[in-house]
Asks: 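Before I ask anything, let me first share the structure, which is written out below as structure tokens.
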Amino acid sequence: MGLCTAVKKVSRRGKYLVLIGLLLSVLAWITTFSGETDKTFNVILAPSQTIVSENKLREKLISQTAETSRLNISAEKEECPEESPLLVGASKLSFEPSLTLKDVENENKEVTEGEYEPSYCKAKHSVAILIPHRQREKHLLYLLHHLHPFLQRQQLHYSIYVIHQAGDATFNRAKLLNVGYLEAIKDFSWGCFIFHDVDLVPENDHNLYICDQQPKHLVVGRNATGYKLRYKGYFGGVTAMTKDQFFKVNGFSNNYWGWGGEDDDLRVRVEQQKMTIVRPPADVARYTMVFHKRDTGNQINKDRMRLLGQTLKMWRSDGLNSCSYKTLSVERPPLYVNVTVDIGQPNS
Ligand code: BGC
């Protein structure tokens with residue numbers, strides 16, 4: 001064999017060797033890395049499986065959340081209808097001498113600390129009822145007895161405040177109502193206030209205890225006066241004003257001690273602000289006055305005509321912004337908030 005032939009043989013064998021070497025290393029690589037490939041595969045699979053299950057979880061969560069919020073939406077109360085289906089119209093009022101406060105509490109289990117809101121729908125109106133009071137326990141009882149179910153049939157969110165004048169100075173209805181307003185707004189942002197005499201009981205629940213675009217007078221007639229408006233500008237007994245309307249007129253005057261004039265003074269304030277008094281229809285705005293003796297002697301405000309002559313001059317400085325008083329107690333029995341207050345005395 002010549003040198004050339006020998007070199008060719010070696011290089012051919014080299015080629016084989018290289019080929020075999022390559023094959024072996026491929027085999028070795030496969031053997032070495034097949035496990036790792038599996039592992040890698042597993043590693044890849046494991047998180048992807050986690051992602052899948054997480055996704056499932058998330059999906060489940062999303063569907064649960066949707067369900068929850070659907071439930072929440074149905075749990076969230078719908079707004080009460082424009083007109084309450086619970087209204088009954090004119091009703092016969094009874095004033096049972098044997099009635100007790102406990103009876104009225106038992107009949108109104110959903111009222112707490114004087115406050116109520118329907119549990120089954122979201123009330124459209126929040127109203128504070130303010131009742132000035134002194135030594136008229138029986139009247140108060142009758143009024144609470146009728147007023148609570150009356151207001152509940154109207155599907156209102158409401159609270160009843162009784163503002164009790166302490167001491168024996170002459171009664172001042174208007175100042176007590178200013179106090180009631182100032183105390184009630186500490187509890188809640190009431191949008192509407194009903195200024196309510198303790199001895200007047202509404203007869204027809206279509207007489208809505210809600211406010212209007214204009215100050216509203218709710219007593220067109222009462223039994224004692226043949227259900228006729230007492231006079232054209234009469235604005236006494238029960239009136240409804242929004243927070244803004246009442247604020248605009250600076251509330252009531254604080255200077256009317258004794259019976260009469262304070263409601264006329266409020267009318268002058270309202271008119272002075274270019275507001276007009278509105279009233280519900282006469283067949284609806286009817287009240288029964290619980291019988292009592294009329295105020296006489298020094299219970300009558302003999303100064304009322306003089307004061308009335310000064311309203312336009314005085315209203316800015318005499319009213320909510322000058323109402324000074326001392327709260328003696330705020331009690332919260334089941335049926336009303338009882339504010340007992342020292343409002344001073346005439347010329348104090
Ligand atoms: C008084 C009012 C009272 C009205 C009706 C008027 O003379 O000034 O305060 O509400 O009579 O009794």
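Along the sequence shown, the residues carry numbers beginning at 1. Indexing begins at 1, ligand by ligand and atom by atom, following the structure's order.
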Asks: Counting only heavy atoms not in Q213 (residues, nucleotides, ligands), do more than 12 fall under 6.0 Å from its CD?
Replies: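 Count not over threshold, so no.
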Asks: Exactly which residues line ligand 1, taking a heavy atom under 4.0 Å from it as the test?
Replies: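 Only R230, Y231, Y234, W259, G260, G261, D263, D264, R304 have heavy atoms that fall under 4.0 Å of ligand 1, ordered by chain and number.
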Asks: For K102, check side chain to side chain contact (heavy atoms under 4.5 Å, CB included) against everything at least two apart and list the hits.
Replies: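 For K102, the residues satisfying side chain to side chain contact (heavy atoms under 4.5 Å, CB included) (neighbours in sequence not counted) are T100, E105, N106.
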Asks: Measure up the W190 and H157 rings against each other and bin them: parallel (under 30°), tilted (30 to 60°), perpendicular (over 60°).
Replies: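 Plane angle between 30° and 60°, so tilted.
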Asks: May I have all residue pairs that pass ring pair (Phe, Tyr, Trp, His ring centres under 6.0 Å) and include part of residues 87-118, sequence neighbours excluded?
Replies: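 Ring pair (Phe, Tyr, Trp, His ring centres under 6.0 Å) check on residues 87-118 returns F95-Y142, F95-H146, Y116-Y158.
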Asks: Please name the pair of heavy atoms, one in D205 and one in Q154, separated by the smallest distance, quoted to 0.1 Å.
Replies: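 Nearest pair, atom of D205 first, then Q154: O-NE2, 2.9 Å.
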Asks: I'd like to check the salt bridge (charged side-chain N to carboxylate O under 4.0 Å, His left out) partners of E115; sequence neighbours left out, ordered by chain and number.
Replies: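 So E115 forms no salt bridge (charged side-chain N to carboxylate O under 4.0 Å, His left out) with any residue.
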